[in-house]
Amino acid sequence: MKQSVSEAFAALRSGRDAALAQPLSAAFDADPQRFANFHATLDDLLYDYSKQRVFADTMTHLLALAAWADVEAKRDAMFAGAVVNPTERRAALHTALRDLDGAPVMVEGRDVAPEIAAERARMLEFAADVREGRIRGALGQPFTDVVNIGIGGSDLGPAMATRALSPFGQPQLRSHFVSNVDGADLYDTLRGLDATRTLFIVSSKTFTTQETMTNARSARAWLAAAVGEAAVGDHFAAVSTNIEKVREFGIDGDAVFGFWDWVGGRYSVWSSIGLPLAIAIGPSHFEDFLRGGHEVDAHFCAAPARQNIPMLMGLLSVWNRNVLGYATQAVIPYDQRLGRFPAYLQQLQMESNGKGVEIDGSAVTEATGPVVWGEPGTNGQHAFFQLLHQGTEIAPVDFLVAARPTNADKAHHELLVANCLAQGEALMRGRTADEAKAMLIAQGVVEAEAARLAPHKRFSGGRPSSTLLYRELTPRMLGRLIALYEHKVFVEAAIWDINPFDQWGVELGKELASRLAPVVSDPAASTEKLDCSTAGLVAEYRKLSA
Ligand code: F6P
């Protein structure tokens with residue numbers, strides 16, 4: 001890490017004690033302008049960070065940190081197609097996929113914008129043809145079920161978005177997502193499906209991923225058993241950067257869609273990997289989804305840092321992680337259809353920024369990505385919110401909520417919003433033991449009993465949260481939300497000077513699984529070279545599975 005950045009961190013840390021000394025509720029009481037000063041908007045989307053433990057000087061120091069870390073220059077380099085992923089020698093140009101104006105995108109001296117537009121047009125045409133029954137199964141039946149087979153970025157984006165945008169789907173066309181190599185995933189999905197009306201999409205950037213290829217082979221066998229080998233071609237589409245491997249698998253022709261190695265898996269929902277989503281919501285909604293992402297790109301590139309939402313999100317995350325020392329980050333959408341959003345963000349944030357070395361290979365000097373977790377509210381309130389309010393671990397929370405429901409009851413929605421706002425307020429304000437005691441006495445509890453219960457009913461308050469409030473969860477808004485978090489992750493990585501676009505940490509486990517697969521499947525295979533724990537587990541597995 002550059003000396004100047006370390007110094008900026010030191011300046012930031014000098015404000016830590018003062019930031020923690022003042023109760024957050026007192027900051028609100030003292031400053032009626034706190035909300036006005038600590039929120040930013042992008043027309044119908046508002047980011048309120050006034051309930052974070054920050055003050056005017058914190059923001060000054062954070063913005064100085066961003067300047068010293070060259071966040072804006074690094075951002076510009078990413079958008080310009082520079083090799084920002086040096087360990088894989090690649091650009092990261094997912095932003096180009098959502099620019100419907102087709103502005104030139106130079107990769108190794110070549111404008112790839114026309115290729116992007118052409119592949120998108122092909123993919124959207126196929127999506128429309130499946131959706132409207134022009135492309136049919138081998139026996140002439142329109143498809144009623146689309147099964148995406150993929151994992152990680154080839155699953156989470158389309159699965160999350162398809163669920164989030166279910167009101168824009170067609171009821172007669174169901175979407176399914178199979179990811180786990182656990183055969184139960186495929187079995188449970190296929191049970192009850194009619195093979196003559198089922199379309200499979202095999203989605204894999206590399207087309208070598210063990211889980212996906214295993215599931216794809218089993219799905220193909222299921223289909224061939226029901227409709228015959230000759231029908232397979234009419235029931236399989238594929239999305240990959242590795243067209244040769246797709247052909248080897250036996251999928252060919254018009255139902256094969258490509259993308260490029262400069263699109264990271266977890267950033268690929270904007271590419272042909274979005275095919276299941278495009279089938280579900282239709283081409284024009286898919287384009288709105290892209291537009292939403294592009295609007296955030298424009299905002300990220302142009303808005304001054306103090307009003308730049310992804311910049312603020314990233315800086316506040318650094319403040320919480322590195323200065324206040326919070327190791328986790330909760331994401332709580334008050335939006336049932338965003339049920340998979342926390343899982344999607346887990347890959348986006350933890351695979352991107354769960355790194356231990358800086359870009360130059362030296363060990364990081366600051367803690368990097370927090371553990372990201374969450375579930376929709378209000379359900380979470382009845383599960384883990386106890387810990388958020390009174391536990392010894394503090395987890396900053398991002399709340400997400402729409403002002404308008406989509407195909408849902410208004411009265412329900414008003415309660416949902418009230419709950420969301422109440423949780424942020426409760427985390428911020430808390431309740432002193434004296435207040436708790438006075439409340440109990442007012443309820444008729446005798447003094448001694450009130451004194452006994454008061455410590456249990458005390459809330460420390462000062463627990464940080466931000467709220468993203470948006471008009472409605474439309475395709476465009478979902479595109480915005482995803483892009484905001486993508487760029488938030490980018491800002492964090494720029495400050496920590498890590499590469500957010502590689503994922504070497506997933507390799508060792510994959511290697512060892514391949515080495516162990518024959519040992520697990522062959523009871524006679526030697527376990528001599530294994531450590532005694534793994535060998536012991538294999539021995540017991542052999543006994544129990546016999
Ligand atoms: O294991 C991690 C990973 O490489 C992710 O980054 C990626 O999204 C996922 O596997 C799936 O990879 P593929 O799309 O190549 O099958």
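Nothing fancy with the numbering, it's 1 onward along the sequence.
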Show me the side-chain donor-acceptor pairs of residues 126-135 shorter than 3.5 Å, one per line, residues at least two apart or across chains.
unit_1, atom_1, unit_2, atom_2, d
Asp129, OD1, Arg134, NE, 2.7
Asp129, OD1, Arg134, NH2, 2.9
Arg131, NE, Ile279, O, 2.8
Arg131, NE, Ala280, O, 3.3
Arg131, NH2, Phe168, O, 3.2
Arg131, NH2, Ala280, O, 2.9
Glu132, OE1, Arg134, NH1, 2.9
Glu132, OE1, Arg134, NH2, 2.9

Legend entry - Cation-pi geometry met for Arg90 and Trp262 (6.0 Å, 45°): no
Inset, instruction - Tell me, please, whether Phe341 has Arg163 positioned over its six-membered ring: NZ or CZ under 6.0 Å from the ring centre and within 45 degrees of its axis? - result: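 Arg163 over Phe341 ring: no.
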For [X] versus [Y], what's the shortest heavy-atom pair and its separation?
{"X": "Ala96", "Y": "Val105", "result": "CB-CG2, 3.6 Å"}
{"X": "Ala305", "Y": "Glu72", "result": "CB-OE2, 4.2 Å"}
{"X": "Ala494", "Y": "Val71", "result": "CB-CG2, 4.0 Å"}
{"X": "Leu277", "Y": "Leu165", "result": "CD1-CD1, 4.2 Å"}

Can you confirm whether the side chains of [X] and [Y] place a donor and an acceptor under 3.5 Å from each other?
{"X": "Asn308", "Y": "His487", "value": "no"}
{"X": "His176", "Y": "Asp145", "value": "yes"}
{"X": "Arg197", "Y": "Gln141", "value": "yes"}
{"X": "Asn85", "Y": "Asn499", "value": "yes"}
{"X": "Gln503", "Y": "Arg266", "value": "yes"}
{"X": "Tyr47", "Y": "Thr41", "value": "no"}
{"X": "Glu211", "Y": "Asn180", "value": "no"}
{"X": "Asn148", "Y": "Ser203", "value": "yes"}
{"X": "Asn242", "Y": "Ser240", "value": "no"}
{"X": "Ser268", "Y": "Ser271", "value": "no"}
{"X": "Glu119", "Y": "Trp260", "value": "no"}

Does atom [atom1] of [X] have more than 12 heavy-atom neighbours, drawn from other residues, nucleotides or ligands, at distances under 6.0 Å?
{"X": "Arg337", "atom1": "CZ", "result": "yes"}
{"X": "Gln172", "atom1": "CD", "result": "yes"}
{"X": "Phe35", "atom1": "CZ", "result": "yes"}
{"X": "Asp254", "atom1": "CG", "result": "no"}
{"X": "Lys74", "atom1": "NZ", "result": "yes"}
{"X": "Glu244", "atom1": "CD", "result": "no"}

Legend entry - Test log, rule ring-ring contact (aromatic ring centres under 6.0 Å, His included), inputs Phe490 and His94: CA-CA 12 Å; Phe490 182 82; His94 45 284; 8.6 Å; no
Under a 4.0 Å N-O cut-off, is there an ion pair linking [X] with [Y]?
{"X": "Glu492", "Y": "Arg321", "answer": "no"}
{"X": "Arg291", "Y": "Asp101", "answer": "no"}
{"X": "Glu125", "Y": "Arg122", "answer": "no"}
{"X": "Arg476", "Y": "Asp43", "answer": "yes"}
{"X": "Lys51", "Y": "Glu425", "answer": "no"}

Reported [atom1]-to-[atom2] distance for the pair [X] and [Y], which is rounded to 0.5 angstrom:
{"X": "Asn320", "Y": "Thr328", "atom1": "CG", "atom2": "OG1", "value": "10.0 Å"}
{"X": "Asp398", "Y": "Ile332", "atom1": "CG", "atom2": "CD1", "value": "9.0 Å"}
{"X": "Leu156", "Y": "Gln347", "atom1": "CG", "atom2": "CD", "value": "5.5 Å"}
{"X": "Arg217", "Y": "Leu186", "atom1": "CZ", "atom2": "CG", "value": "12.5 Å"}
{"X": "Leu193", "Y": "Leu223", "atom1": "CG", "atom2": "CG", "value": "11.0 Å"}

Close side-chain approach of [X] to [Y], heavy-atom, < 4.5 Å:
{"X": "Val296", "Y": "Leu42", "answer": "yes"}
{"X": "Val54", "Y": "Leu316", "answer": "yes"}
{"X": "Met313", "Y": "Val491", "answer": "no"}
{"X": "Leu100", "Y": "Arg120", "answer": "yes"}
{"X": "Leu427", "Y": "Val397", "answer": "yes"}
{"X": "Val269", "Y": "Phe289", "answer": "yes"}
{"X": "Pro158", "Y": "Phe177", "answer": "yes"}
{"X": "Phe399", "Y": "Pro333", "answer": "no"}

Legend entry - Proximity of Tyr485 and Tyr344 rings by center, below 6.0 Å: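 Ring-ring flag for Tyr485/Tyr344: false, centres at least 6.0 Å apart.
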Legend entry - Mutual orientation of the aromatic rings belonging to Phe384 and Trp373 [parallel < 30°, tilted 30-60°, perpendicular > 60°]: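 Aromatic pair Phe384/Trp373 classed perpendicular.
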Identify each donor-acceptor pair in which a side-chain atom of residues 231-239 lies under 3.5 Å from a protein atom, sequence neighbours left out, and give them as a table.
unit_1, atom_1, unit_2, atom_2, d
His235, ND1, Ala195, O, 3.3
His235, ND1, Thr198, O, 2.8
His235, NE2, Ala138, N, 3.0

Inset, instruction - Hey, could you give me each pair passing side chain to side chain donor-acceptor pair (under 3.5 Å) that has a residue in residues 408-423? Not counting sequence neighbours. - result: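 Applying side chain to side chain donor-acceptor pair (under 3.5 Å) to every pair that reaches into residues 408-423, excluding sequence neighbours, yields Gln381-Asn419, His389-Gln423, Lys410-Glu414.
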Legend entry - Chi angles and distances behind the ring-ring contact (aromatic ring centres under 6.0 Å, His included) call for Tyr267, Phe501: CA-CA 9 Å; Tyr267 300 88; Phe501 299 114; 5.3 Å; yes
Inset, instruction - Apply salt bridge (charged side-chain N to carboxylate O under 4.0 Å, His left out) to the pair Asp297 and Arg480, showing each step before the final yes or no. - result: CA-CA 9 Å; Asp297 294 339; Arg480 284 180 163 207; over 6 Å; no
